[in-house]
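Structure first, commentary second.
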Amino acid sequence: MNKKYLYGLFPLLGTVFGLWYIFTATCDGIYSDYVRLVNSYLPDVWNPAKFFVPDVLTRIPVNYLGRLLNVSLFGYNTMFDRVLGVLALGLSGLALGSYCSRRKVSPGWFGALMIVLFSLNKWEMLTNGSGWAHFLSFACFYYHYEVMDRVWSGQEKKNDRIKLLLLPFFTTLLVAGPYCAIYSVTVMIACGFMFLLKKGDSRKGWGLNGLCALIPLLLYLWSNAYAVEDHAAPATVPLLVQLRDTPGFFVRFFIKSFSSMVIEGEQAEHIFRNNTPFMILGFLVILLYLFALWLNLRYRLYEKTVLPAILIISGGLNHVLILLSRWIFLQENYGLSSRYALQFQSGILGILLTFALLSKQWKSTGKTFLRITACGACVMFLAGNCYTTYTEIKKAPDRRNSFEGMAVLALSFETVTDDELRAGFEYRTGRPDSGAKVRSALTILKENGYSVFRNDLKR
């Protein structure tokens, strides 16, 4: 088989695996965030008043299109959203495959990348279909980084320079939502770096590309200013006060979040009995971040390709963002959650790509220590992600039973109490109106024949 086809085959196999997983571990039926979405947007999904609101960009406009299709074609089936999420993850694989094919990354290293990308360490995002647009946003990020790399390395295709001007507007304003912050900052940092290194007319081009990343970010921030925050967080003091009172909490939160890229948090909490293993793994991953960045500088890899460094910077900044935005919950294990794996994995992909691109050079120059370090890091990430995926596959039937239990409870919601609905649907369980909100959402679904109340479902 022509090796070139492997760069498309591996993402395809990963997508098929993802589809198999969601159909094994889940079923149709609302829960958690879907309760809020149903109450906010259904049944009148065509109502322009629900779209043309000041904070529309924070609500991720592409979600409106997905909701229109779901209601019109599938009677609001949550499996549709989950499928979209997996397909978008497959697009991320294709973007990385395009890069690896162009840079002649060996099939072995590319296979390692795909194992990390399609790992079930992000099971919570995969099973909660309401976040499907987040998968699409990362596919857009990776494609943008690939186009940047093509132009930087002199391998640009037709219209690549136009794409660099338009992609930030499309991605930030229509797809990325809150994920646009790190994406925009990463692009601006990369463009600033390339602006400083380049000379002549191309230098101005990178300055313009950075500006095109800044403008939609400012528009998003303007829209976000109209959003109403709705966090039920226990923190009652500002960040600096909390940092002064409990500095160790922030250190542990930050370091432990890196360990989740080796073994997913839920699995790790069952294995590790104290903080020591989390801290050791977290330190190791941080050292690998720094080591990979040093390699990009030491071997001047950035002169040939910038995508690995961009991914590493993006991953590191996402850890900082989660710390700054989630410390308010005052749980140092909060950063271990699988819902953040999609953001954190960018850095791991960048680390592995750095090793992959330099491995041939090390082999020819006899850099045995560096080769052993790279292989050891790869084995660590693969072993942890494979273990996470294996245990999650074993849990899939239990997860499906849980979803089926919620679907059965939904069908009989009129005969149960609000407390039972609060406990059964995982929607803001600490709030007194949780059960009433669930009941309201299920009433909307029943009255319109959506989701588990569709006539084609026989239970």
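- Interatomic distance, Glu156 CD to Lys163 NZ, rounded to the nearest 0.5 Å: 10.5 Å.
- Residues passing the ring-ring contact (aromatic ring centres under 6.0 Å, His included) test with Trp222, sequence neighbours excluded: Tyr226.
- Of all heavy-atom pairs between Ala292 and Ile351, the closest is CB-CG1, 3.9 Å.
- When the side-chain contact (heavy atoms from CB on, under 4.5 Å) test is applied to Ile271, the partners found at least two apart in sequence or on another chain are Tyr387.
- Residues Tyr21 and Ala396 come closest through the heavy atom pair CE1-CB, 4.2 Å.
- For the pair Asn70 (side chain) and Gly66 (backbone), a donor-acceptor distance under 3.5 Å is absent.
- Screening residues 170-191 for salt bridge (charged side-chain N to carboxylate O under 4.0 Å, His left out), with sequence neighbours left out, gives no hits.
- Remark: the backbone N or O of Leu37 is not paired with any side-chain donor or acceptor of Ser40 at under 3.5 angstrom.
- For the pair Arg67 and Tyr41, the cation sits on the ring face: its NZ or CZ lies under 6.0 Å from the ring centre, inside 45° of the axis.
- For the pair Asp55 and Asn224, the minimum side-chain heavy-atom distance is 4.5 Å or more.
- At a cut-off of 3.5 Å, with distance as the only test, a side-chain donor of Trp362 or Tyr299 sits close to an acceptor on the other residue.
- Taken from OG1 in Thr388 to CG in Leu120, the straight-line distance is 8.5 Å, to the nearest 0.5 Å.
- Between Leu336 and Ser257, every side-chain heavy-atom pair lies at or beyond the 4.5 Å cut-off.
- Counting all heavy atoms, side chain and backbone alike, Ala112 lies closest to Leu382 at O-CD2, 3.7 Å.
- Asn121 contributes no side-chain N or O that, together with a main-chain N or O of Thr389, makes up a donor-acceptor pair within less than 3.5 Å.
- Around NZ of Lys437, the count of heavy atoms belonging to other residues, nucleotides or ligands within 6.0 Å does not exceed 12.
- Under the salt bridge (charged side-chain N to carboxylate O under 4.0 Å, His left out) criterion, no residue pair touches residues 5-25, with sequence neighbours excluded.
- Nearest heavy-atom pair across Leu6 and Pro11 is O-CD, 4.1 Å.
- Aromatic ring centres of Phe258 and Phe344 lie farther apart than the 6.0 Å criterion allows.
- Ring centroid separation for the pair Phe278 and Phe272 comes in under the 6.0 Å cut-off.
- Looking at Arg82, its side chain does come within 3.5 Å of a backbone N or O of Thr127 through a donor-acceptor pair.
- Cation-pi geometry between Arg339 and Tyr334 is met: under 6.0 angstrom from the ring centre, within 45 degrees of the axis.
- Phe118 and Phe17 have their aromatic ring centers separated by at least 6.0 angstrom.
- Side-chain contact check for Lys122 versus Ser338: every heavy-atom pair is 4.5 Å or farther apart.
- Nearest approach of Gly29 to Thr78, heavy atoms of both residues: N-OG1, 3.2 Å.
- Using cut-offs of 30° and 60° for the angle between ring planes, the Phe110 and Tyr7 rings count as tilted.
- The shortest heavy-atom contact between Gly210 and Met188 is O-CG, 3.6 Å.
- Applying the 6.0 Å contact sphere to CZ of Phe51 captures more than 12 heavy atoms from other residues, nucleotides or ligands.
- Looking at heavy atoms from C-beta onward, Tyr31 lies in side-chain contact with Phe403 at the 4.5 angstrom threshold.
- In this structure, Tyr179 has its ring center closer than 6.0 angstrom to the ring center of Phe138.
- Contact of the Leu288 side chain with the Met380 side chain is registered, since non-hydrogen atoms from C-beta on lie closer than 4.5 Å.
- Between the side chain of Ser223 and the backbone N or O of Pro54, at least one donor-acceptor pair lies under 3.5 Å.
- Between the SG atom of Cys27 and the CD1 atom of Ile22 there is a distance of 12.0 Å, given to the nearest 0.5 Å.
- By the 4.5 Å heavy-atom criterion applied to side chains, Leu113 and Cys100 are counted as neighbours.
- At a threshold of 4.5 Å between non-hydrogen side-chain atoms, the residues Trp206 and Phe193 do not count as touching.
- Rounding to the nearest 0.5 Å places CG of Asp28 at 11.5 Å from CZ of Phe74.
- A donor-acceptor pair under 3.5 Å links the side-chain atoms of Asp149 to the main chain of Leu307, judged by distance alone.
- Interatomic distance, Cys180 SG to Phe141 CZ, rounded to the nearest 0.5 Å: 7.5 Å.
- Taking CG from Leu166 and SG from Cys212, the interatomic distance works out to 8.0 Å, rounded to the nearest 0.5 Å.
- More than 12 heavy atoms of other shown residues, nucleotides or ligands fall within 6.0 angstrom of atom CZ in Phe169.
- Geometrically, Arg399 engages Trp123 in a cation-pi contact, judged by NZ or CZ lying under 6.0 Å from the ring centre and within 45° of the ring axis.
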Name each donor-acceptor pair under 3.5 Å that joins a side chain in residues 92-99 to protein atoms two or more places apart or in another chain, with its distance.
from	atom 1	to	atom 2	distance (Å)
Ser92	OG	Ala139	N	3.3
Ser98	OG	Glu146	OE2	3.0
Tyr99	OH	Thr305	OG1	2.6

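- Salt-bridge check for Arg300 with Glu303: passed, with a basic side-chain N closer than 4.0 Å to an acidic carboxylate O.
- Residues Cys378 and Trp109 meet the side-chain proximity criterion, which asks for heavy atoms closer than 4.5 Å.
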Throw together a table of side-chain donor-acceptor distances under 3.5 angstrom for residues 246-254, partners on residues two or more places apart or in other chains.
from	atom 1	to	atom 2	distance (Å)
Thr246	OG1	Gln242	O	2.9
Thr246	OG1	Gln242	NE2	3.0
Arg252	NE	Glu332	OE1	2.7
Arg252	NE	Glu332	OE2	3.4
Arg252	NH1	Gly248	O	3.4
Arg252	NH2	Glu332	OE1	3.2

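- Side-chain rings of His144 and Tyr183 approach one another, their centers coming within less than 6.0 Å.
- For the pair Asp160 and Lys157, the salt-bridge criterion is not met [side-chain N within less than 4.0 Å of a carboxylate O].
- In this structure, Asp81 contributes its side chain and Asn77 its backbone to no donor-acceptor pair below 3.5 Å.
- With hydrogens and angles ignored, the 3.5 Å screen pairs a side-chain donor or acceptor of Arg400 with a backbone N or O of Thr26.
- Tyr64 places a side-chain N or O within donor-acceptor distance of the main-chain N or O of Lys50, the cut-off being under 3.5 Å.
- Shown are Val306, Leu353, Leu295, Thr354; of these, the side-chain contact (heavy atoms from CB on, under 4.5 Å) with Leu301 is made only by Thr354.
- Not a single donor-acceptor pair under 3.5 Å links the side chain of Lys360 to the backbone N or O of Leu357.
- There is no side-chain donor-acceptor pair under 3.5 Å between Glu426 and Ser32.
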